[in-house]
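The structure appears right after this line, and notes come after that.
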Amino acid sequence: PRAGGQCPACGGPTLELESQRELLLHLAKRSILDKLHLSQRPTLNRPVSRAALRTALQRLHGVPQGALPEDNREQECEIISFAETDSTSAYSSLLTFHLSTPRFHHLYHARLWLHMLPTLPGTLCLRIFRWGPRRRHQRSRTLLAEHHITNLGWHALTLPSSGLRGEKSGVLKLQLDCRPLEGNNSTVTGQPRRLLDTAGHQQPFLELKIRANEPGAGRARRR
Amino acid sequence: TPTCEPATPLCCRRDHYVDFQELGWQDWILQPEGYQLNYCSGQCPPHLAGSPGIAASFHSAVFSLLKANNPWPASTSCCVPTARRPLSLLYLDHNGNVVKTDVPDMVVEACGCS
């Protein structure tokens, strides 16, 4: 209704259209930030390459999503975290992830996606370690998983979610060590090449699934 | 839910589509491109009190008639959402992680008098 008239719904004064629109946009922002438990919109400190993002989403869309009961789906949050990579040697890489989810302790599903290069012939044994906090100039590390890789290209490597929890700093470091499988008769010839393909859109990433509440908490509350 | 004409004074659902580009948020909200910011507003005369926003059942129709015949309604009632649905969002957090989450009760689907 025109400005200056009376609102037919509440009887109050009507706003002109422009300020109605501004009020609505303010309401929309407030409503989205509240529901995402954010005090303000995120400032993007770490730009994400759109090509890497597209590749990651295509990878994940190809994977059948575990069917979740409807009510759990509302409590669920899925995260893709891209790695910063340092190749510490030809057969070893260090992946650093910056996770900012306060609810990280309800993590229940973790997979590391890697694009492997044709480094060595035959089967490779890939070990994934988690770096612990530094103590007296020593960095502890925990073996999370060991996978045998026979072909190049993308690999989705399952990690124990319990091994990834409890990271207070939000920075998670995973070290990859790759060796020819014992008894593998292929001899290492020539200068070894890089293990991972991290160029452009082949960036390694973590796929995580988190429940907003501890499983069953909703049911307890309803009871 | 009765479709809302701007001049409708009675309680109904007012539909508004908000494009995230208009909020300047298209850089961090990747999907969808916008969402329905619907809200409920309108008068709730006594005979509408307690009636759901969608097709009222026989019971609530009779209940409303009883109310309408009672000249002293117990109290005024308000125009509130009676059905809402979640909205799936794909967005970037401040560390550049991609987060996909279903935000519950994000879109108002129906309104009615409390």
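Here is how names work: the chains are called A, B, and so on, in the same order as the sequence lines, proteins then strands, and each is numbered from 1.
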>> Heavy-atom pairs under 4.5 Å with chain B: which of A:V48, A:L25, A:L38 has the most?
In response: A:L25
> Any Lys/Arg nitrogen of A:E84 or A:R46 sitting under 4.0 Å from an Asp/Glu carboxylate oxygen of the other?
Replying inline: yes
> Among A:S81, A:A56, A:P47, which residue forms the greatest number of heavy-atom pairs with chain B at distances under 4.5 Å?
Replying inline: A:S81
> Between A:L206 and chain B, which part of the residue has a heavy atom less than 4.5 Å away: side chain, backbone, both or neither?
Replying inline: neither
> Is B:R13 salt-bridged to B:E109, going by a charged N under 4.0 Å from an acidic O?
Replying inline: no
>> Please classify the contact between B:L89 and chain A as side chain, backbone, both or neither, with a heavy-atom cut-off of under 4.5 Å.
In response: side chain
> Partners of B:Y39 by ring pair (Phe, Tyr, Trp, His ring centres under 6.0 Å), sequence neighbours excluded?
Replying inline: B:H16
> Of all of B:L87, B:L92, B:L30, B:L23, which one pairs up most often with chain A through heavy atoms under 4.5 Å apart?
Replying inline: B:L23
>> According to side-chain contact (heavy atoms from CB on, under 4.5 Å), who are the partners of A:R141, at least two apart in sequence or on a separate chain?
In response: A:F129, A:W131, A:Q175, A:D177
> Any salt bridge between A:D86 and A:K173, counting N to O under 4.0 Å?
Replying inline: no
